[in-house]
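Keep in mind that this is a model prediction, so the values were computed, not measured.
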Amino acid sequence: MNENAEREPAHYLLIDFEATCSDDGSLPRQHMEIIEIGAVMVETASLRVVDEFQCFVRPVRHPRLTAFCTTLTTIGQADVDAAPGFAEAAAALKAWRAAYPDLIWGSWGDYDRNQLRQDCEFHRVPDPVGAAHRNIKRLFAQREGSGRKFGLDGGVRRARLEFAGTHHRGIDDARNIARLLPYALGRAEFPRERR
């Protein structure tokens, strides 16, 4: 084994966050808050999903979800009103993740990493993941080789899979990222493109 090669972790923690949002500029990007944590634990050796974590989160900056946000995510006001705050949700994620000490976490792009950092800073909460991050979207695009940047639904289509669940729901998006991980890591061949 090449000593300079990066050692693979025992697990990949794939996370997708949904956050407060608007389509009319009423909610600035820097005021968005996580409202759902969707996380899937994948065993690196088999690329099999071994555990899942899902939690809604109650926002405080803009506690009322916009109609755009509820339509996009299918997360209702009642879901977040009954949810724990970010500090409690982050503690639950950290406690769940602690059973898997050797991991790298990944997300589809850098948005989730940046949103987590923003929420941790705002709520003065330490990073509950505490591991290196990999941009699975970038790895997928590099392996695919066409130079295209795929949204998650486009990546699923490129692998000739059907999207499982509801797009823009954290747990379902995390599950679909797990389905694309073999392609991103070069362990599955991309189907030939139809002409």
Cluster question for you: counting only ILVMFWY and a side-chain heavy-atom cut-off of under 4.5 Å, with indirect links fine, are [X] and [Y] together?
X      : Y      : result
Leu185 : Val49  : yes
Val42  : Leu139 : yes
Ile37  : Leu72  : no
Ile171 : Val50  : no
Leu152 : Ile136 : yes

Taking all atoms of both residues into account, what is the closest heavy-atom pair of [X] and [Y], and its distance?
X      : Y      : value
Arg61  : Phe122 : NH2-CD1, 2.8 Å
Arg64  : Asp81  : NH1-OD2, 4.3 Å
Cys69  : Thr20  : SG-CA, 4.1 Å
Ala164 : Asp172 : O-CB, 3.9 Å
Asp127 : Cys120 : CA-SG, 3.9 Å
Ala159 : Leu180 : CB-CD2, 3.8 Å

query = How many angstroms lie between atom CG of Asp51 and atom CD of Glu43, to the nearest 0.5 angstrom?
reply =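 These two atoms lie 12.0 Å from each other.
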query = What is the distance from atom CG of Leu14 to atom CD1 of Ile104, rounded to the nearest 0.5 Å?
reply =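 Leu14 atom CG to Ile104 atom CD1 measures 11.0 Å (nearest 0.5 Å).
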Within a radius of less than 6.0 Å around [atom1] of [X], do more than 12 heavy atoms belonging to other residues, nucleotides or ligands occur?
X      : atom1 : answer
Arg187 : CZ    : yes
Gln30  : CD    : yes
Arg124 : CZ    : no

I'd like to know if [X] pairs up with [Y] as an ion pair, taking the criterion as any Lys NZ or Arg NE/NH1/NH2 lying under 4.0 Å from an Asp or Glu carboxylate oxygen.
X      : Y      : value
Arg157 : Glu144 : no
Asp102 : Arg7   : yes
Arg175 : Glu52  : yes

message = Could you check whether Arg134 makes a cation-pi contact with Tyr12, meaning its NZ or CZ is under 6.0 Å from the centre of the six-membered ring and within 45° of the ring axis?
response =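 No - Arg134 does not lie over the ring of Tyr12 by the 6.0 Å and 45° rule.
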task = Please determine, by modelled atom types, if Gln118 and Asn114 share a side-chain donor-acceptor pair under 3.5 angstrom.
result = no
key: Distance-only polar pair, side chains of Trp108 and Asn176, donor-acceptor under 3.5 Å   =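 Result is no, nothing qualifies.
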Does [X] reach the main-chain N or O of [Y] with its side chain, forming a donor-acceptor pair under 3.5 Å?
X      : Y      : answer
Arg158 : Pro191 : yes
Glu36  : Gly170 : yes
Thr66  : Cys21  : yes

request  = Provide the full list of ring-ring contact (aromatic ring centres under 6.0 Å, His included) pairs with a residue in residues 69-92, sequence neighbours left out, each pair given once.
outcome  =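 Checked against ring-ring contact (aromatic ring centres under 6.0 Å, His included) - neighbours excluded - the pairs reaching residues 69-92 are Phe86-His123.
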ask   = What orientation do Phe190 and Tyr183 show, parallel under 30°, tilted 30 to 60°, or perpendicular over 60°?
value =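 The rings of Phe190 and Tyr183 sit tilted, inter-plane angle from 30° to 60°.
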ask   = Quick one: does Val57's side chain get under 4.5 Å of Phe17's, heavy atoms only?
value =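 No, every pair of side-chain atoms sits at 4.5 Å or beyond.
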request  = Would you please test Arg97 and Phe53 for side-chain contact (heavy atoms from CB on, under 4.5 Å) and show each step?
outcome  = CA-CA 9 Å; Arg97 171 258 189 268; Phe53 175 92; over 6 Å; no
